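Counting starts at 1 for both ligands and their atoms, following the listed order. This is a predicted model, so every value here is computed, not measured.
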Amino acid sequence: MKTISIIVPCYNEEAALPLYYEAMKPVVKELEQLGARSEFVFVDDGSADGTLTVIKALAARDASCKYISFSRNFGKEAAMYAGLQNAGGDYVAVMDADLQDPPEMLPEMFKIIENSKAGGEMGSKGEEIDCVGTRRTNRKGEPPVRSLFARLFYKLINKISKTEIVDGARDYRLMTRRMTDAILQMSEYNRFSKGIFSWVGFKTHWLEYVNRERAAGETKWSFFKLLLYSFDGIVAFSTAPLSIASAVGFLSCLGSGLYMLYVFIKALAFGDPVAGWPSLVCIILFLGGVQLLGIGVLGQYLAKTYLEVKQRPIYIAKEKNF
Ligand code: UDP
Ligand code: MG
C-alpha cells in the first residue's frame with residue numbers, strides 16, 4: 001500500500017480546520033480504496049488563535065495526524081517547506097486548510113500519476129507524470145484590481161524568467177517522492193514555490209477548477225503583501241531587472257553623447273547660444289531617477305543575497321508529535 005502525506009499549512013485556521021477535516025474523511029476513504037493510505041502533516045505557522053488546540057484534538061483522535069508547530073509566524077512558504085521535510089509518504093500533497101482547494105480532486109490526482117506509471121493513457125507518450133497541479137480558471141470573488149495586477153505579474157515574470165510560472169496555478173498539488181526530494185534540495189531562504197515547483201522540472205499535469213470561496217476565516221494576504229511577494233518572485237527567478245538597469249544606463253549614455261555632438265555643432269556652426277535650464281533640470285532629474293532606480297534594483301538583489309548568506313533556518317519548530 002502506498003502512503004500519501006497531505007501537508008496542510010495553517011495560520012489562524014481554527015474555524016476552517018474542523019470543516020476541512022470533515023471534508024477530507026470521504027476523500028481518505030476513497031484513496032484507501034484506490035490503494036493509498038493517507039497521513040496529515042498539519043503545520044501550525046505560529047497561529048495566534050486556537051489552531052494548535054484544534055490540531056492537537058484531531059491528532060489525539062486520529063493517529064494519522066502529524067503536526068508541527070512553529071515558534072512564530074514564518075509564512076506559508078516556510079510552512080510548506082517544513083511539511084515537505086517531515087512528509088514521509090511515497091506521494092506528497094500540499095493543500096490549504098480553508099477548503100479553497102477542492103478535496104475531491106485528490107483521488108483524481110492520485111489516479112493520474114498511478115496511471116501514467118502503469119504506462120496508461122496519460123503516460124503513453126513515454127513520460128511519467130510526477131506532479132498533478134491545479135489551476136483556477138477564473139478569479140471570481142477577488143477584487144478586480146488584484147486580478148489585474150496578478151495577470152500583469154504573470155505576463156511580466158514569464159517574459160523575464162526562464163522558469164515558467166503558470167498563471168492561476170495554485171500550490172495545491174500531488175507530487176511523487178522523487179520530485180519532493182528535488183524540491184527539498186532547494187533549501188534557499190527566499191522561497192517562491194510557484195517558481196521552485198517548476199524549476200525542478202518533471203512532468204506536471206494540470207487540472208482546472210472554478211475558484212471557490214473560503215469555507216471559514218479570512219485570507220491572510222493583503223494587496224500590499226501580495227505585491228511584495230510578487231517582487232520576491234521576480235528577484236528569486238530572474239536577473240532581468242539588473243540587465244534592464246544596465247541597458248537603460250547604456251542607452252542614456254548613447255543618447256547624451258549624440259545630443260552633446262548636436263549641441264557642439266549647432267554652437268560652432270551657427271553660433272547659437274545654448275539656452276536651456278529647463279531642459280537641464282529635466283535631464284538631471286531623469287538621470288538622477290534612473291540612477292536611484294538602478295541602485296534600488298541592485299539593493300533588492302543584495303538584500304536577498306544578504307539573507308541567503310546568513311543561512312538562517314527557514315523555520316523554528318516549537319513542538320511536534322512525531
Ligand atoms: N498560511 C500560512 N502562513 C501564513 C499565511 C497563510 O500557513 O503566514 C496558510 C493558511 O492557513 C492557508 C494557506 O496558507 O491554509 C493559504 O492562505 P490564504 O487562504 O489566506 O491565502 P489565499 O487562499 O487567500 O491566497
Ligand atoms: Mg485561501
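At least one N/O/S atom of D98, whether from backbone or side chain, sits less than 2.8 Å from the Mg ion (ligand 2). Taking backbone and side-chain atoms together, T219 has no N/O/S atom less than 2.8 Å away from the Mg ion (ligand 2).
In terms of protein heavy atoms, atom 20 (O) of ligand 1 is closest to K220 N, 2.7 Å. Considering only non-hydrogen protein atoms, atom 18 (P) of ligand 1 sits nearest to R214 NH2, 3.5 Å. Closest to atom 14 (O) of ligand 1, if we only count protein heavy atoms, is K76 CD, 3.2 Å. Regarding atom 15 (O) of ligand 1, its nearest protein heavy-atom neighbour is P9 O, 2.7 Å. W221 CD1, 3.7 Å is the protein heavy atom nearest to atom 25 (O) of ligand 1.
Residue C10 approaches ligand 1 through these ligand atoms, each under 4.0 Å from one of its heavy atoms: 7 (O), 11 (O). Counting the atoms of ligand 1 from 1 in the order shown, those under 4.0 Å from a heavy atom of D96 are 13 (C), 15 (O), 16 (C), 23 (O). Taking every non-hydrogen atom of Q100 and a distance limit under 4.0 Å, the qualifying atoms of ligand 1 come out as 19 (O), 22 (P), 23 (O). With ligand atoms numbered from 1 in the order given, ligand 1 contributes 2 (C), 3 (N), 4 (C), 7 (O), 8 (O) to contacts under 4.0 Å with heavy atoms of D45.
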Apply ring pair (Phe, Tyr, Trp, His ring centres under 6.0 Å) to the pair F223 and F149, showing each step before the final yes or no. CA-CA 9 Å; F223 178 75; F149 271 85; 5.2 Å; yes
Let's go through L99 and R214 carefully: what are the C-alpha distance in whole Å and the side-chain angles of both, what is the deciding distance for side chain to side chain contact (heavy atoms under 4.5 Å, CB included) to 0.1 Å, and is it a yes or a no? CA-CA 6 Å; L99 287 177; R214 237 176 191 281; over 6 Å; no
*Check the pair F192 / Y229 against ring pair (Phe, Tyr, Trp, His ring centres under 6.0 Å), numbers first and verdict last.*
CA-CA 8 Å; F192 184 70; Y229 184 56; 5.1 Å; yes
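With F197 as the aromatic partner, R173 meets the cation-pi criteria of under 6.0 angstrom to the ring centre and within 45 degrees of the ring axis. Both cation-pi conditions hold for R72 and F74: the charged atom is under 6.0 angstrom from the six-membered ring centre and inside a 45 degree cone around its axis.
Side-chain N/O atoms of R135 and Y209 include no donor and acceptor closer than 3.5 Å. One side chain, N190 or E308, offers a donor N or O that lies under 3.5 Å from an acceptor on the other. There is no side-chain donor-acceptor pair under 3.5 Å between E77 and Y315.
Between K320 and the options D44, I68, V43, a side-chain contact (heavy atoms from CB on, under 4.5 Å) holds for only I68.
At least one N or O atom of Y11, backbone or side chain, sits closer than 3.5 Å to an N or O atom of ligand 1. Checking only distances, A79 never comes within under 3.5 Å of ligand 1, N or O to N or O.
Of the heavy atoms in N12, none comes closer than 4.0 Å to ligand 1. Contact annotation: for E13 versus ligand 1, heavy atoms closer than 4.0 Å belong to the side chain alone.
M95 does not count as a contact of ligand 1, since none of its heavy atoms falls under 4.0 Å from the ligand.
Between E188 and K304 no salt bridge is recorded (no basic side-chain N to carboxylate O distance below 4.0 Å).
The option from V43, T219, D101 that lies nearest to atom 24 (O) of ligand 1, judged by heavy atoms, is T219.
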